[in-house]
Amino acid sequence: MADDGSLPPEDGRPLRVAVVGAGPAGIYAAEALTGRAPVPVTVDLIDRLPTPFGLVRHGIAPDHPKMRAIRDTLHRALDHPGVRFVGNVEVGTDITLDELRAHVDAVVYTYGAALDRPLSIDGEDLPGSLAATDLVAWYCGHPDADRERVEASLAGVRRAVVVGVGNVALDVARVLSRVPRELEPTDMPQHVLDALAATRVEEVTVLGRRGPAQATFTTKELDELGELAEATVLVDPDQLPGEDEPPPPDRLVARNIDVLRQYAAHTAEPGRTRLVLRFYRRPVRLLGADRVTGVEVERTTVDADGRATGTGEYEVLPADLVVRSVGYRGEGLPGLPVDQRSGTVPNEDGRVLRDGAASPGEYVAGWIKRGPTGVVGTNKHDARETVASLLADVGSGVIGPHGDRDDLVRTLQARGAEPVLLEDWRAIDAAEVSLGASRGRARTTLHEREALLAAVRAAAGR
Ligand code: NAP
């Protein structure tokens, strides 16, 4: 609204906004734009994949069905008449950023942080060394997953080391430790189930470079490891604070330590996978000639400020698979700046900054705005903050529904692109349910872009 409280003049059409990235941040942004805005708004929710939901589909572990069910809630925003899902469209390839901006009054970038962070140590590129992003993309059925590389890395694995002690590391360790009957009810693609069933991992070590008090995993996820059907969680009691020490002041840390103490009482059981949580070890080198054979680690101590310091004592952990799970980072779209250090788009309250100044009509929300932190719901507040900035800019006249705009989907179709709309997504959804039913499962994820598009074309009779 303007300073006098009035709405800006309209020229007879709603404000048109493109949201780039149909994951939780994008969907929450679309919801905030169409649900509460004081001006009529229509949203084109663009995704480079033919499917919506971003990390809810391709990040949340498939053995977490309750968390994945959030897509039912997110779907409500897609069903809103003011929101149009436009999948299978890559900004920078199918349409440039400038062209997109010419079609709409404002753009909100919500495309996340898809890249892995490297460890930057020797041996990192050996076969058998994967980023968690590779493995997660594969087991969730992401069309861009490098199936050959991941499956070659998994073949014959007995001992795996997962570097990092965040929730993604626990997801990876848990999935590797599960047995087929635990994974069968998930929506994992069939080839993933088959490859995991053929892999009998005997030991998974989750490696923290600092202590248990600095781990970023959450208690619920830590606790869940204790429920694995055929894996025993092991912790060296010497790595935990003594029972006679005062409890950690942070309640979340105290709860984690309580769970770790229960695990420290476990002993390895023959025939069961050992899931070992090891702290105070930082990787310095991956060993191996043709493929990974181990991780050389340096022992660390943690100072009063929580910083790790190397002790100069080294040891080798044998491993035929190493998964680095040390965070994600974002990248720019062609024509959009990104801060290389943080992997985020420079912004102030969600307004994109170019050369330090707010760029009119450009906004950002989600991981590409704040970095890869928080749970799905964190994006709701984040997206609302961004939408508040956008609507304030409408109120002050920085942006508005001025002039004619060509329809984005028609433009894309005219240049040979194949945008996937909501009814097309419903066809994919139905095809996945039907594929699952053919094997007695509730759903089987279609993992190839061509298979996803074939489901669309079949339903449309093309
Ligand atoms: P994260 O929580 O930031 O964990 C990254 C881990 O990598 C930390 O333990 C970090 O240790 C370690 N690390 C970083 N650089 C390292 C290095 N060079 N060598 C060794 N270790 C290193 O990130 P994440 O696990 O990728 O998760 C991303 C976000 O998604 C988080 O907010 C997470 O909670 C969320 N998520 C939630 C769930 C769930 O709710 N179930 C599931 C998955 C993800 P330092 O602390 O020492 O840097």
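Index from 1, following the sequence. First listed ligand is number 1; within each ligand, the first listed atom is number 1.
Ionic pairing of E203 and R158 is not present here: no N-O contact between side-chain nitrogen and carboxylate oxygen is shorter than 4.0 angstrom. Ionic pairing of E230 and R178 is not present here: no N-O contact between side-chain nitrogen and carboxylate oxygen is shorter than 4.0 angstrom. Ion pairing between a basic and an acidic side chain is recognised when a charged N comes within 4.0 Å of a carboxylate O; E298 and R285 show no such pairing. Here E385 pairs with K369 in a salt bridge; the nearest charged N to carboxylate O distance falls below 4.0 Å.
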Give the intermediate values and the outcome of side-chain contact (heavy atoms from CB on, under 4.5 Å) for residues D171 and Y139. CA-CA 11 Å; D171 280 349; Y139 67 56; 3.7 Å; yes
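Ordered by chain and residue number, the residues placing a heavy atom less than 4.0 Å from ligand 1 are M67, L119, V163, G164, V165, G166, N167, V168, D171, R209, R210, T216, E221, S325, V326, G327, Y328, W367, P372, T373, G374, V375.
Note on ring orientation: taking the six-membered ring where Trp is involved, the planes of Y109 and Y111 are perpendicular (angle over 60°, cut-offs 30° and 60°).
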